[in-house]
Structures are given as structure tokens and as C-alpha cells.
Amino acid sequence: MQQRSLGLTGLQVSRLGLGTMTWGRDTDEHEARDQLVAFVGAGGTLVDTAPVYTEGRSERLLGSLLGDVVRRDEVVLATKGGLEAHRGGVRVSTSRGALLAGLDASLERLGVDHVDLWQVHTWHDGTPLEETLHALDLAVTSGRASYVGVSNYTGWQSAQAATWQRAVPGRVPLASTQVEYSLLHRGIEDEVLPAAQALGLGVLPWSPLARGVLTGKYRTGIPADSRAAVDEYAPYMDPYLDERAAGIVGAVCRAADGLGWSPLQVALVWVRDRPGVTSPIVGARTAAQLRVALDVEGLALPSEIADALDDVSAD
């Protein structure tokens, strides 16, 4: 698998990343093991997790596989801070103290002394940005993280954070921003992508398949074993099951038929090769599903099909 530089840093990451949000819940330890083996075997390096994923079980499960299933130095290990499970919900805290305490807890669950990329999971108005960014500086200078980034920041938030880090001597520059991006969610093209390109941030798209909708699995209804059939997840799926989405999915499926690809491959290659994108984060419930995604390495969309998809999915 090709490797790409993360922003303006020297960190090289695979041009597809492995997401682990379902690990420890929908993905058990056996499937997680098979996923990691398949991913690294295909040349993948970037593995992304977070303490809020399955209440820390994702990090713990990933940590149990490092050194046993794959060597620690075979992966670029990324996690986040600022969100944590709390009393059945999610608590946001991007204060310096909370972030650093969370990082220490993540390192313990992962069983490592440092992560390669540590990201602030979300913006929070309740904490001064300078304080949040100082936690990133301390993470790097203390050796607990090699590189730092942000996640789910708007364009102006990304620009403000990146500019602050570059303008003040001694600060650690941001390496990346992780944001939702797919054929069904192109809003980041207005401000986030231009800000990232102007300030040298690598872009790590999450949900590049729009919560699985772009695979075409929902074209004829809601499968009983899908996330849309679960009350907990249905509100997150509904925005991608409307008439506009159906038209875009139809176009993806027609392109797939013409190319002899799967709809998943069409949608994923489109995101992977967008200007400014470093590495889409692909999550899968099973290793079999992940292997389909990994098969895109040698694929490239013909320009006329890419242009047609751009047109049909434009907001």
C-alpha cells in the first residue's frame, strides 16, 4: 500500500487507515485480530482509535494485539483525547489536565509508552484554545506523543489552532485534522480542506462510506443486521437515507457496474484520491468486510466517472 506524508511532517502513513470504533462491541477479539493481520499484511500502517470508542475497550483490545499479533513498530498508532464515556453518555473536556490525564489512561490501555499521533477529538467552547493546545505541546515534549492533530474542527477552528501553533516559538505544529468526508458529506470542501491545504495539515476522513450507505446495502430497505435497524444508531443514519442520498448511491452503483467494481470501492477510491486527502479511516465489523476495502489499492477512478460523481453529489 502506498504511503503518504501526514501534512508537512515526516510521518508516513498508509493511504488507507484502519478504524477501530466497533472493536470491543460489534467486533470481537477474533475479528479484530484478523482485521489487524489483514490490514498490516496489505501494507497498511495507520490504526486509529479513541478512549470513547466502546468505553475504552477498543484501545484495550488494540493494545492486546500489539507485540503479539503485529509488532509495535509496524503500525502508526493514533488515538484521541477530549471525549470520554461518562454515566452512560459522553463527557467533553479539553482542559489541559483532563487531556493529559486521558492520554495517560490511553497509554495504559494500549500498553505503550507513546502514541504516534494524538488528536483532540472535538472543539469545546468551555476551554480556552491556548490551554487545549498547550496540552498537545506537553504531550510531545514529554515523549507521550510523536505528532499531534485535531478532529472535527471547522475551517476557522482548524485555521486558528494551526496558526497559533506555527506563530508562537516553541509550539508543536499540528500534523493533521480528522473530519467526516464522503460523497454524501462534502461540506468540508468549503472551508476545512482549503484551511488544511493552506496550513499544511494532513486530512484524515472518517466515515468515507457514509456509515455504510455508499456500499448500496440500503437501496432496497433497511437490513435487519444493519446499524439503521438499531434504535441507538438510527438517528445517525437517517440523514443519509433521504431522496438526495438515494440518487447519489444510485450513481455510485451505476459506476460500479460499469467498472466491474463494488460500490464500496467506487466510493472509497473517490475519497482517497480527493485533493488534500491523506488517508481515509475505514472501519469494518468483520475482517471479510475490511478485505473488500483493502482491494482498492490498485484501483483509480477514470476522470470522467470521478467528474460525474462530483456533479451528482455537489451540494
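Computed from a prediction, not measured in an experiment: that's the story for all the values here. Side-chain atoms are counted along with the backbone in the values below, which use heavy atoms only and exclude waters and symmetry mates.
- The main-chain N or O of Q178 is found under 3.5 Å from a side-chain atom of S151 such that the two form a donor-acceptor pair.
- Side-chain N or O atoms of Q265 include one that pairs as donor or acceptor with a backbone N or O of S262 at under 3.5 Å.
- Checked by atom type and distance alone, the side chain of T54 never pairs as donor or acceptor with a backbone atom of G56 at under 3.5 Å.
- Contact check for R4 versus S279: no side-chain heavy atoms found under the 4.5 Å cut-off.
- S142 places a side-chain N or O within donor-acceptor distance of the main-chain N or O of A139, the cut-off being under 3.5 Å.
- One side chain, R274 or Y181, offers a donor N or O that lies under 3.5 Å from an acceptor on the other.
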Item to complete: Please lay out, stage by stage, how L268 and L209 fare under the test side-chain contact (heavy atoms from CB on, under 4.5 Å).
Response: CA-CA 7 Å; L268 186 54; L209 300 174; 4.2 Å; yes

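- Residue L193 is not grouped with residue V13 when hydrophobic side chains (ILVMFWY) are merged at heavy-atom distances under 4.5 angstrom, including chains of intermediate members.
- Looking at heavy atoms from C-beta onward, Y147 lies out of side-chain contact with V115 at the 4.5 angstrom threshold.
- D26 and R285 are not joined by a salt bridge, as no carboxylate oxygen comes within less than 4.0 angstrom of a charged side-chain nitrogen.
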Output side-chain donor-acceptor pairs under 3.5 Å for residues 97-109, partner residues at least two apart or in another chain, one line each.
unit_1	atom_1	unit_2	atom_2	d
D104	OD1	R144	NH1	2.9
D104	OD2	R144	NH1	3.2
S106	OG	E59	OE1	3.2
S106	OG	E59	OE2	2.8
S106	OG	G102	O	3.2
R109	NE	E59	OE1	2.7
R109	NH2	E59	OE1	2.9

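- Residues E180 and N152 have side chains that never bring a donor and an acceptor to within less than 3.5 angstrom of each other.
- For the atom pair CG of D273 and CG of L299, the computed distance is 9.5 Å after rounding to the nearest 0.5 Å.
- With a 4.5 Å cut-off on side-chain heavy atoms, P51 and L83 do not count as touching.
- Considering all non-hydrogen atoms of both residues, P205 and P208 come closest at O-CD, 4.2 Å.
- Using modelled atom types, one side-chain atom of T9 and one backbone atom of L6 make a donor-acceptor pair closer than 3.5 Å.
- Note that CG of L8 and CG of L201 are 8.0 Å apart. Values are rounded to the nearest 0.5 Å.
- Contact check for R60 versus L110: no side-chain heavy atoms found under the 4.5 Å cut-off.
- In this structure, Q2 CD and R15 CZ are separated by 4.0 Å, a value rounded to the nearest 0.5 Å.
- For the residue pair L294 and A42, the shortest heavy atom distance occurs at CD1-CB, 4.1 Å.
- Side-chain atoms of W23 and E31 form no donor-acceptor pair, as typed in the model, at a separation below 3.5 Å.
- A continuous path of Ile, Leu, Val, Met, Phe, Trp and Tyr side chains, each step under 4.5 Å between heavy atoms, connects V37 with F39, placing both in one hydrophobic cluster.
- For the pair Q197 (side chain) and G202 (backbone), a donor-acceptor distance under 3.5 Å is absent.
- Taken from OG1 in T122 to OH in Y153, the straight-line distance is 7.5 Å, to the nearest 0.5 Å.
- Using a 4.5 Å cut-off between side-chain heavy atoms of Ile, Leu, Val, Met, Phe, Trp and Tyr, with links allowed through other members, I281 and L183 fall into different hydrophobic clusters.
- Of the charged side-chain nitrogens involved, at least one lies within less than 4.0 Å of a carboxylate oxygen, so that R71 and D73 count as a salt-bridged pair.
- L66 and W118 fall within the same hydrophobic cluster, where Ile, Leu, Val, Met, Phe, Trp and Tyr residues are linked whenever their side-chain heavy atoms come under 4.5 Å apart, directly or through other members.
- If you check the side chains of T79 and T49, you find no donor sitting under 3.5 Å from an acceptor.
- Across V148 and P173, no two heavy atoms sit closer than the pair CG2-O, 4.0 Å.
- Around atom CD of E55, no more than 12 heavy atoms belonging to other residues, nucleotides or ligands sit under 6.0 Å away.
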Practice prompt. Please assess D116 against R72 for the test salt bridge (Lys or Arg N to Asp or Glu O under 4.0 Å), listing each intermediate value before the final yes or no.
Written response: CA-CA 11 Å; D116 299 299; R72 168 66 181 89; 3.0 Å; yes

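- In summary, the side chains of W206 and D48 do not present any donor paired with an acceptor at a separation below 3.5 Å, with no hydrogens or angles considered.
- At least one donor-acceptor pair under 3.5 Å links the side chain of E131 to the backbone N or O of R96.
- Within the 4.5 Å cutoff, the side chain of V249 has no heavy atoms near those of the Y240 side chain.
- Under the 3.5 Å distance criterion, the side-chain polar atoms of T278 are matched with a main-chain donor or acceptor of V203.
- Hydrophobic clustering places V271 together with L18 (ILVMFWY residues linked when any side-chain heavy atoms are closer than 4.5 Å, directly or through intermediates).
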Discussion item. Is there a side-chain contact (heavy atoms from CB on, under 4.5 Å) between L65 and V70? Walk through the geometry before answering.
Written reply: CA-CA 7 Å; L65 300 175; V70 300; 5.8 Å; no

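- Contact check for L301 versus W270: side-chain heavy atoms found under the 4.5 Å cut-off.
- E84 contributes no side-chain N or O that, together with a main-chain N or O of G82, makes up a donor-acceptor pair within less than 3.5 Å.
- Across all their heavy atoms, R219 and G250 have their closest contact at NH2-CA, 3.8 Å.
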Worksheet entry | Worked check of side-chain contact (heavy atoms from CB on, under 4.5 Å) between Q35 and Q289 | CA-CA 9 Å; Q35 283 190 28; Q289 293 171 341; over 6 Å; no

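- In terms of heavy-atom proximity, A293 sits nearest to L16 at O-CD1, 3.7 Å.
- Here the OG-CG distance, from S176 to L117, works out to 4.5 Å after rounding to the nearest 0.5 Å.
- Residues R171 and L133 meet the side-chain proximity criterion, which asks for heavy atoms closer than 4.5 Å.
- With rounding to the nearest 0.5 angstrom, the CZ atom of R33 is 13.0 Å from the CG atom of L62.
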Practice prompt. Mind running side chain to side chain donor-acceptor pair (under 3.5 Å) on Q12 and T45 for me, showing each step along the way?
Written response: CA-CA 9 Å; Q12 296 287 304; T45 58; over 6 Å; no

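- Between the S182 side chain and the L184 main chain, a donor and an acceptor come within less than 3.5 Å of each other.
- For the 3.5 Å distance criterion, the side chains of T20 and S58 qualify, holding a donor opposite an acceptor.
- Between R186 and S313, the side chains place a donor N or O and an acceptor N or O closer than 3.5 Å (distance only, hydrogens not considered).
- Counting all heavy atoms, side chain and backbone alike, Q119 lies closest to A78 at NE2-CB, 3.8 Å.
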Practice prompt. For the pair D34 and L36, evaluate side-chain contact (heavy atoms from CB on, under 4.5 Å) and give the outcome as yes or no after the intermediate values.
Written response: CA-CA 6 Å; D34 291 346; L36 190 59; over 6 Å; no

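- When side chains are defined from C-beta on, L46 counts as touching L204, because their heavy atoms get closer than 4.5 Å.
- Of the N and O atoms on the side chains of T27 and T22, at least one donor lies less than 3.5 Å from an acceptor on the other residue.
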